[in-house]
Q: 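Encoded as structure tokens, here's the structure I'll be asking about.
This is a predicted model, so every value here is computed, not measured. All heavy atoms count here, side chains included; hydrogens, waters and symmetry mates do not.
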Amino acid sequence: MELLTVGASFACFRLLNGELQRLVPPPSSALRNPWKWRNIWTSFVHSLITGSWALLGFYLHPEMAEDLISTHSPFSHSLVAVSIGYFIHDFLDMLQNQKLHQSWELLFHHAVVITCFGISVVLHRYVGFSVVALLVEINSIFLHLRQILLMANLLKTTFYRLNSLLNLGTYVIFRISTLAWMTRWLVLNRDNIPLLIYTIGSVGMAIMTVMNIILFYRLLHSDFLKSARDPQPEKEK
């Protein structure tokens, strides 16, 4: 059943990516890189779906927050499986369309996520922890929208400034704070987690924390500290 969900998700995101050229035609400013335009829109849709789904999962099943190891619902288990399908799609999409030196950070990020989420889905454990991790997708909505606005050459608009504020605010709440809480939870529950799983989780959290601190600095510098130069798109999922 898990493989079917992952496979169906992969196929749906693959199909969506192929149809976006027709559904959301790239503006003239994005015609130089139509693949990137489709890729960001696909990522935006994934963030919109999974960020909302993660919040709804905790709202419908609040008991999951009390036991992130063994308590979960089929609703939340399916969310993690759907996300695996997306990350596999995006991994292959970047591998096929970008040079390795341009995408190795995100490829590495996706490999870590697929591994950690895969363990959760197969073992039917740590699903709650994985859903907490997917709360970062709430911030990714604004992060991807920022890239879309930059590609559409709308960086000098009020909407871009508003999105920049929302992006930074949700970055602190749903990305930095969430990662800090997850790291604390891992340390406090290390006696309840097998050594191999604990090691994989700890290494994954360390990598994500470093990547997100670097990205936060780039966003802060680009959108708020650098007034004389134009902002640049940041590489993140």
Side-chain angles (χ1 to χ4, degrees), residues 24 26-27 29-30 32-33 35-55 83 86-87 90-91 93-94 97-113 116 132-184 204-237:
V24 191
S29 55
R32 291 179 303 169
N33 198 349
W35 166 79
K36 186 67 175 177
W37 178 257
R38 294 196 310 273
N39 179 269
I40 296 171
W41 269 103
T42 305
S43 299
F44 175 77
V45 171
H46 167 259
S47 296
L48 202 59
I49 293 171
T50 55
S52 304
W53 195 338
L55 280 177
S83 279
Y86 160 76
F87 282 112
D90 201 50
F91 185 95
D93 193 39
M94 287 188 291
N97 293 284
Q98 271 193 319
K99 295 178 179 178
L100 190 58
H101 75 271
Q102 295 175 308
S103 60
W104 71 268
E105 292 176 62
L106 285 178
L107 291 173
F108 187 60
H109 167 276
H110 285 17
V112 171
V113 172
C116 294
V132 171
L134 283 167
L135 289 174
V136 303
E137 294 298 334
I138 295 168
N139 166 251
S140 293
I141 294 169
F142 303 101
L143 194 60
H144 296 316
L145 186 55
R146 174 184 183 273
Q147 292 180 300
I148 290 169
L149 293 172
L150 283 173
M151 289 196 73
N153 202 23
L154 296 172
L155 59 96
K156 296 189 183 299
T157 62
T158 302
F159 186 59
Y160 180 87
R161 298 305 301 169
L162 175 61
N163 185 73
S164 295
L165 292 170
L166 290 171
N167 184 28
L168 206 66
T170 56
Y171 201 104
V172 173
I173 297 170
F174 289 105
R175 198 172 280 268
I176 293 178
S177 297
T178 297
L179 287 171
W181 186 91
M182 290 171 68
T183 301
R184 178 178 178 273
M205 288 305 304
I207 292 168
M208 296 302 170
T209 299
V210 171
M211 291 180 69
N212 280 282
I213 288 173
I214 293 171
L215 178 61
F216 182 74
Y217 170 76
R218 289 175 180 172
L219 288 170
L220 190 64
H221 185 254
S222 180
D223 282 358
F224 295 95
L225 304 179
K226 193 170 61 173
S227 58
R229 293 163 60 185
D230 289 339
Q232 297 298 317
E234 303 300 339
K235 297 187 292 181
E236 179 58 36
K237 293 290 174 187

Q: Should I138 and I173 be marked as a side chain to side chain contact (heavy atoms under 4.5 Å, CB included) after you check the CA-CA gap, both sets of side-chain angles, and the distance that decides it?
A: CA-CA 10 Å; I138 295 168; I173 297 170; over 6 Å; no
Q: What are the two closest heavy atoms between A133 and V136, and how far apart are they?
A: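 Closest heavy-atom pair between A133 and V136: O-CG2, 3.0 Å.
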Q: Counting distance only, does the side-chain N/O of S177 pair as donor-acceptor with the main-chain N or O of F174 below 3.5 Å?
A: no
Q: Restricting to non-hydrogen atoms, name the atom on M211 and the atom on H109 that form the minimum distance, rounded to 0.1 Å.
A: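 Minimum heavy-atom contact is CE-CB, 3.8 Å.
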Q: Between N212 and R175, is there a side-chain donor-acceptor contact under 3.5 Å, judged purely by atom types and distance?
A: yes
Q: Once you round to the nearest 0.5 Å, how far does OH of Y171 lie from CD1 of I176?
A: 6.0 Å
Q: Can you tell me how far CG of L145 sits from CG of L154, rounded to the nearest 0.5 angstrom?
A: 10.0 Å
Q: Looking at D93 and R38, is any side-chain nitrogen of the basic one under 4.0 Å from a carboxylate oxygen of the acidic one?
A: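 Salt bridge between R38 and D93, a charged N being under 4.0 Å from a carboxylate O: no.
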Q: Might you point out which heavy atoms bring N139 and N167 nearest each other, and give the distance in Å?
A: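 Distance-wise, the nearest heavy atoms are ND2-O, 2.9 Å.
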Q: For residues S29 and N153, report the shortest heavy-atom separation together with the two atoms involved.
A: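 For S29 versus N153, the nearest heavy atoms are OG-N, 3.8 Å.
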Q: Which one of F87, W53, W41 satisfies the ring pair (Phe, Tyr, Trp, His ring centres under 6.0 Å) criterion with H46?
A: F87
Q: Tell me whether the guanidinium CZ or amine NZ of R161 lies under 6.0 angstrom from the six-membered ring centre of F224 and within 45° of its axis.
A: yes
Q: Please round to the nearest 0.5 Å and tell me the distance separating atom CE of M182 and atom CE of M208.
A: 9.0 Å
Q: Please report the interatomic distance CD(Q98) to CG(N33), rounded to the nearest 0.5 Å.
A: 7.5 Å
Q: Let's go through L215 and L143 carefully: what are the C-alpha distance in whole Å and the side-chain angles of both, what is the deciding distance for side chain to side chain contact (heavy atoms under 4.5 Å, CB included) to 0.1 Å, and is it a yes or a no?
A: CA-CA 11 Å; L215 178 61; L143 194 60; 3.9 Å; yes
Q: I need the N97 CG to W35 CH2 distance, nearest 0.5 Å.
A: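 N97 atom CG to W35 atom CH2 measures 5.5 Å (nearest 0.5 Å).
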Q: Report the residue from S43, S47, S83 that forms a side chain to side chain donor-acceptor pair (under 3.5 Å) with E137.
A: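 Looking at S43, S47, S83, the match for E137 under the side chain to side chain donor-acceptor pair (under 3.5 Å) is S47.
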Q: Within this structure, what is the CG-CG distance for the pair L155 and L149, rounded to the nearest 0.5 Å?
A: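 So the CG of L155 and the CG of L149 are separated by 9.0 Å.
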Q: Does the side chain of Y86 come under 3.5 Å of the side chain of T42 through a donor N or O and an acceptor N or O?
A: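 There is no such pair between these side chains.
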Q: A side-chain contact here means heavy atoms from C-beta on lying under 4.5 Å apart; do F142 and L168 qualify?
A: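 No; the side chains remain at least 4.5 Å from each other.
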Q: Tell me whether the rings of H221 and Y217 are parallel (<30°), tilted (30 to 60°) or perpendicular (>60°).
A: parallel
Q: Is there a donor-acceptor pair under 3.5 Å between the side chain of S103 and the backbone N or O of L106?
A: no
Q: Which pair of heavy atoms, one from W37 and one from I148, lies closest together, and at what distance?
A: CZ3-O, 3.7 Å
Q: Establish, from distance only, whether the side-chain atoms of S164 and D223 form a donor-acceptor pair under 3.5 Å.
A: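 Yes, D223 and S164 have a side-chain donor paired with an acceptor closer than 3.5 Å.
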